[in-house]
Amino acid sequence: MIEISQHTQNIIGSRDAIAALETKDHARLLIISDSHGRYPVFESIVRGYGAKCDALIFCGDGVSDVATLLYKQKIDEKLAECVPPVIAAVRGNCDPSSYPLDKGSLYFSELIELKVNGRGILVTHGHNQGVDFGLETLGLEMQVSECSTAFYGHTHIAHEDTFKNFKIVNPGSCARPRGGQPAGFAIATVEKTFVDIAFIKMTLKNDGTTEYSLWSPY
């Protein structure tokens with residue numbers, strides 16, 4: 001079960017779990033963005049993939065879903081087993097800066113710099129960097145922060161780009177995809193010298209169940 005405490009940059013998890021992630025070999029990150037209140041979709045992804053991941057990265061527009069997950073996992077043991085020990089969630093242009101949880105509140109930053117397996121990971125929604133019009137501003141922020149990989153949302157379009165040897169990834173939207181794409185998310189495997197991205201699409205079947213499969217947005 002994840003420890004519901006927030007530390008530097010409002011990262012959620014215990015200090016030990018956050019420290020362990022910094023040096024975790026073959027670290028796996030579950031990357032979700034733009035759920036926009038579609039909590040059942042959000043939860044289904046965590047139930048299906050969270051247990052095998054070392055951290056959950058949420059790129060904004062749907063922080064209420066993160067709060068709901070943390071509330072429900074306290075009373076649902078099976079769900080708790082699926083929640084990764086670290087959550088790095090940023091707020092988007094449709095999110096508040098805080099959200100109530102029990103008798104307190106969760107706080108959400110606009111940008112997080114996370115250390116994973118010795119590599120710098122930048123997490124942001126992207127609206128402040130103008131990602132609708134290009135990735136130059138986000139790339140410059142990566143240079144300043146010394147992060148080699150960035151995850152962002154906002155456009156609702158899954159994509160993997162390279163900017164001056166930096167990897168910049170949008171997992172797409174799990175609830176409101178655009179550009180003719182399917183709803184989906186991504187999983188990143190962070191090695192010492194590279195980061196591998198797997199995009200996963202969600203397809204609603206005739207019987208009402210959801211099928212998950214690998215796909216390429218290119």
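Side chains are part of it too, since the values below use all heavy atoms of this structure and drop only hydrogens, waters and symmetry mates.
The aromatic ring centres of F58 and F42 sit less than 6.0 Å apart.
With values rounded to the nearest 0.5 angstrom, M202 atom CE is found 4.5 Å from S44 atom OG. Rounded to the nearest 0.5 angstrom, L135 CG and M142 CE are separated by 9.5 Å. I121 CD1 to S148 OG: the interatomic distance, rounded to the nearest 0.5 Å, is 5.5 Å. The distance from the CG atom of D54 to the CG atom of L21 is 6.5 Å, given to the nearest 0.5 Å. Y71 contributes atom OH, which lies 9.0 Å from atom CG of L101 (distance to the nearest 0.5 angstrom). Here E22 contributes atom CD and N117 contributes atom CG; the two are 11.0 Å apart, rounded to the nearest 0.5 Å.
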Go through the steps to decide whether K24 and V116 satisfy the test side-chain contact (heavy atoms from CB on, under 4.5 Å), and finish with yes or no.
CA-CA 7 Å; K24 178 70 170 62; V116 180; 5.9 Å; no
Take F185 and F199 through the test ring-ring contact (aromatic ring centres under 6.0 Å, His included) and record every step on the way to the result.
CA-CA 6 Å; F185 55 98; F199 291 96; over 10 Å; no
Side chain to side chain donor-acceptor pair (under 3.5 Å) between D207 and T209: does it pass, once the steps are laid out?
CA-CA 6 Å; D207 61 3; T209 61; 2.6 Å; yes
Evaluation steps, side-chain contact (heavy atoms from CB on, under 4.5 Å), between I31 and C59:
CA-CA 8 Å; I31 311 158; C59 300; 4.0 Å; yes
Verdict with reasoning, Y99 to Y107, per ring-ring contact (aromatic ring centres under 6.0 Å, His included)
CA-CA 7 Å; Y99 201 87; Y107 296 91; over 10 Å; no
Verdict with reasoning, V41 to T210, per side-chain contact (heavy atoms from CB on, under 4.5 Å):
CA-CA 9 Å; V41 174; T210 300; over 6 Å; no
With side-chain contact (heavy atoms from CB on, under 4.5 Å) as the criterion, how do N93 and H125 come out once you've worked through the C-alpha distance, each side chain's angles and the decisive distance to 0.1 Å?
CA-CA 8 Å; N93 55 298; H125 186 58; 3.0 Å; yes
Is there a side chain to side chain donor-acceptor pair (under 3.5 Å) between T155 and D132? Walk through the geometry before answering.
CA-CA 6 Å; T155 65; D132 282 318; 5.7 Å; no
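Remark: side-chain polar atoms of E43 are not paired, donor with acceptor, to backbone N or O of P40 under 3.5 angstrom. Listed for the R176 side chain is no donor-acceptor partner under 3.5 Å among the backbone atoms of S35. With hydrogens and angles disregarded, a donor-acceptor distance shorter than 3.5 Å links the side chain of D95 to the backbone of V63. In this structure, the side chain of Y218 engages the main chain of E160 through a donor-acceptor pair within 3.5 Å. Under a 3.5 Å cut-off, the side chain of E113 and the backbone N or O of C147 do not form any donor-acceptor pair. Between the R119 side chain and the K192 main chain, a donor and an acceptor come within less than 3.5 Å of each other. Between the S5 side chain and the G13 main chain, a donor and an acceptor come within less than 3.5 Å of each other. Checking side-chain atoms of S109 against main-chain N and O of I112 turns up no donor-acceptor pair under 3.5 Å. S173 contributes a side-chain N or O that, together with a main-chain N or O of D34, makes up a donor-acceptor pair within less than 3.5 Å.
Looking only at side-chain heavy atoms (C-beta outward), D65 and R38 stay at 4.5 Å or farther from each other. The shortest distance between side-chain heavy atoms of D196 and E191 does not fall below 4.5 Å. Here the side chains of I11 and Q6 are not in contact, with every heavy-atom distance at 4.5 Å or above. At least one side-chain heavy atom of V83 sits less than 4.5 Å from a side-chain heavy atom of I87. Using a 4.5 Å cut-off on side-chain heavy atoms (C-beta onward), S98 and F108 make no contact. Inter-residue side-chain proximity for P217 and H159 is flagged as unmet; no heavy-atom pair is nearer than 4.5 Å. In this structure, L214 and I200 have side chains that are in contact, with non-hydrogen atoms separated by less than 4.5 Å. Within the 4.5 Å cutoff, side-chain heavy atoms of L111 are placed close to those of E141.
Residues I45 and V123 do not share a hydrophobic cluster, defined by chaining ILVMFWY side chains whose heavy atoms lie under 4.5 Å apart. There is a path of hydrophobic side-chain contacts, each under 4.5 Å, that joins V46 to V66. Clustering ILVMFWY residues whenever any of their side-chain heavy atoms sit less than 4.5 angstrom apart, transitively, puts I157 in a cluster other than the one holding V131. Residues F166 and L114 do not share a hydrophobic cluster, defined by chaining ILVMFWY side chains whose heavy atoms lie under 4.5 Å apart. A single hydrophobic cluster is not seen to contain both W215 and Y212; linkage of ILVMFWY side chains at heavy-atom distances under 4.5 Å, directly or through other members, places them apart.
Ion pairing between R47 and D76 holds under the 4.0 Å rule for side-chain N and carboxylate O. Here R91 does not pair with D61 in a salt bridge; the nearest charged N to carboxylate O distance is not below 4.0 Å.
The two residues L140 and F163 come nearest to each other via the heavy atoms N-CE2, 4.3 Å. Minimum interatomic distance between P84 and G50 (heavy atoms only, all atoms of both residues): CG-O, 3.5 Å.
Between K167 and the options I197, D161, T162, a side chain to side chain contact (heavy atoms under 4.5 Å, CB included) holds for only I197. Here the options are V190, L56, T149, V86, the test is side chain to side chain contact (heavy atoms under 4.5 Å, CB included), and the partner is L29; only V190 passes.
Environment of CG in N165: sparse, with no more than 12 heavy atoms of neighbouring residues, nucleotides or ligands closer than 6.0 Å. Counting heavy-atom neighbours within 6.0 Å of N206 CG, excluding the residue itself, gives a total of 12 or less.
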